Amino acid sequence: MGRGYLHNSQGRIMRIFALIDCNNFYASCERLFRPALKNSPVVVLSNNDGCVIARSQEAKDVGVPMAAPAFKYKDFFLKNNVHVFSSNYALYGDLSQRVASTLYTFTPEMEVYSIDESFLEFPEHKADELLKIGMEIRNKVFKWTGIPVSVGFGPTKTLAKAANRFAKKENRTNGVFSLCKGVDIDELLDKVPVTDVWGIGRRHGKKLIDRQVTTARLFKDLPDLWIKKNMAVTGLHTALELRGTPCFSLEDAPPPKKTISTSRSFGRPVSALPELEESVAAYVSRAAEKLRGQNSLAGGVMVYLTTNRHNTQPQYSNTATRMFPVATDYTPEIISAAIKGIRSIYKEGYKFKKTKVVLLELSHKYNRQANLLELDDKAGKEKKKSLMKLLDTANKRFGRQTLNYASEGISQLWKMNRNFKSPDYTTNWHELPEIK
DNA sequence: TCTGGGGTCCTAGGACCC
DNA sequence: TCTGGGGTCCTAGGACCC
């Protein structure tokens, strides 16, 4: 949890948060290894090559909207010479770590918030040199990783986010902007649409706009009671943060996940149960790997299947949950429970679009609750443990898919499309870039 | 034909107990 | 059998984030 607020007799000490955000991150990553695309429009598609999830500035300029469905924009891409990539998370994850370790050289007071954003916190006495620090951050990250970033400073995380937005949108800021000192915050928040505020999403945004509350400034001046009633305490925290009172601190050691899920849309509609079972087995494998990666055990597994909500064919979706007698991280046991689950909800005659697996009630493996019925089979347990370890090590070293369970299927015809994937330049020996 | 995936938090309301 | 209040626990659904 947080570090609490700092107070002294003179009043609150100003805290200084910085939000560093990689510009058009996935598009920037793809361009790093294709310098020829430096000034060209580039877009990155979601899994399954479904819709646009990242756009270079040039792509924004020619008018590609966020979340544009790729199939509708095929001609548009051709006509405007837009370069299209499938998403390549191995590449983005690796570059993300490089950016994070560069930021860490500025201060250990750091929270990696997402794949392309980090919060830093600086002591109050730095308040007069923030723009200089911001420029140093930008320059160093670009020099060391090739990724352009924007830097926003503010007395709360929410204001640092808003500052970052100015850094990115206004050319004259040179990518660095501060709301900490020497600016009229209210005047600037007048310019921020309420839906751009961190913590206000589409639904609440619409509700606010319907009541003429269109800007961050108008929102933060609403009565607390109204906010609490209509937007719960989370909404109130957002308002307080806009007023300069920190409600969120850095989270330095992200707590282990409480649920772990894996799901993918299929590359084509799937009706046959055996194929659905294969997909479920494959997703369990992946989820169980993540589970062991954070040293957790799962108390249960939920499976989900659904048809394609976007078409007009008959719809069906359902979930099934199976609990384990004793929490486990043993892939075959989870697969078999998940397959029983999918069989119990499967119905013939539908075209399914997606299955999903969620591992539930995670606990740490070292304070595992024993079960009275459990047999004391030490040798068997050791064997399972070393098998899982072997599996994870091999897949990590030689690439996922090195060792698979037969139940995951061999041909995997249901697998998602990734027709425009770039090579794994930085994480796979066979795909290192060549210099001519 | 083709529109992502992986999380967290909060609240209302039902079930159940005394 | 009916009445009422108060408390806890659980779940589904809604909302948000990247």
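Each chain gets a letter, A, B and so on, in the order the sequences are listed, and its residues count up from 1. A quick note: this is a predicted structure, and the numbers were derived from the prediction, not measured.
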Touch check for [X], heavy atoms < 4.0 angstrom, all strands: base, sugar-phosphate only, or nothing?
| X | result |
| --- | --- |
| A:V112 | nothing |
| A:D49 | nothing |
| A:K351 | nothing |
| A:R268 | nothing |
| A:N417 | nothing |
| A:I115 | nothing |
| A:K257 | sugar-phosphate |
| A:R309 | nothing |
| A:K353 | sugar-phosphate |
| A:N47 | sugar-phosphate |
| A:L45 | nothing |

Worksheet entry | Pair A:F17 + A:W198: ring centers closer than 6.0 Å | no
Worksheet item: Is the gap between the ring centers of A:Y26 and A:Y92 under 6.0 Å?
Response: yes
Worksheet item: Can you list, by residue number, the residues of residues 60-91 of chain A that have a non-hydrogen atom closer than 4.0 angstrom to DNA chain B?
Response: A:P69, A:F71
Item to complete: Locate the shortest heavy-atom distance separating A:M388 from A:T331; write the atom from each residue and the value.
Response: SD-OG1, 3.5 Å
Worksheet entry | Between P of C:dG14 and CZ of A:R202, the distance in whole Å | 13 Å
Worksheet entry | N/O (side chain, A:S263) to phosphate O (OP1/OP2, B:dG4) under 4.0 Å | no
Worksheet item: Should A:S114 be listed as having a side-chain N or O under 4.0 Å from OP1 or OP2 of C:dC17?
Response: no
Looking at [X] and [Y], does any basic side-chain N land under 4.0 Å from a carboxylate oxygen?
| X | Y | value |
| --- | --- | --- |
| A:D329 | A:K365 | no |
| A:E241 | A:K161 | no |
| A:E408 | A:R286 | no |
| A:R31 | A:E58 | yes |

Discussion item. Assuming nearest nucleotide by heavy-atom distance, tell me which of A:H237 and A:K354 is located more 5' along DNA chain B.
Written reply: A:K354
Item to complete: Show the numbers, then the answer: is there a side-chain contact (heavy atoms from CB on, under 4.5 Å) between A:F33 and A:L91?
Response: CA-CA 11 Å; A:F33 297 91; A:L91 178 66; 3.9 Å; yes
Worksheet item: Between C:dC16, B:dT3, B:dC9, which nucleotide has the shortest distance from any of its atoms to the side chain of A:C51?
Response: B:dT3
Worksheet item: Counting side-chain heavy atoms from CB outward, which of B:dG4, B:dT8, C:dC16 is closest to A:S265?
Response: B:dG4
Discussion item. Under the criterion of centre distance below 5.5 Å and interplanar angle below 30°, is A:H310 classified as stacked on the base of B:dT3?
Written reply: yes
Fill in: Euclidean distance for C1', C:dG4 against B:dC17 (whole angstrom)
14 Å
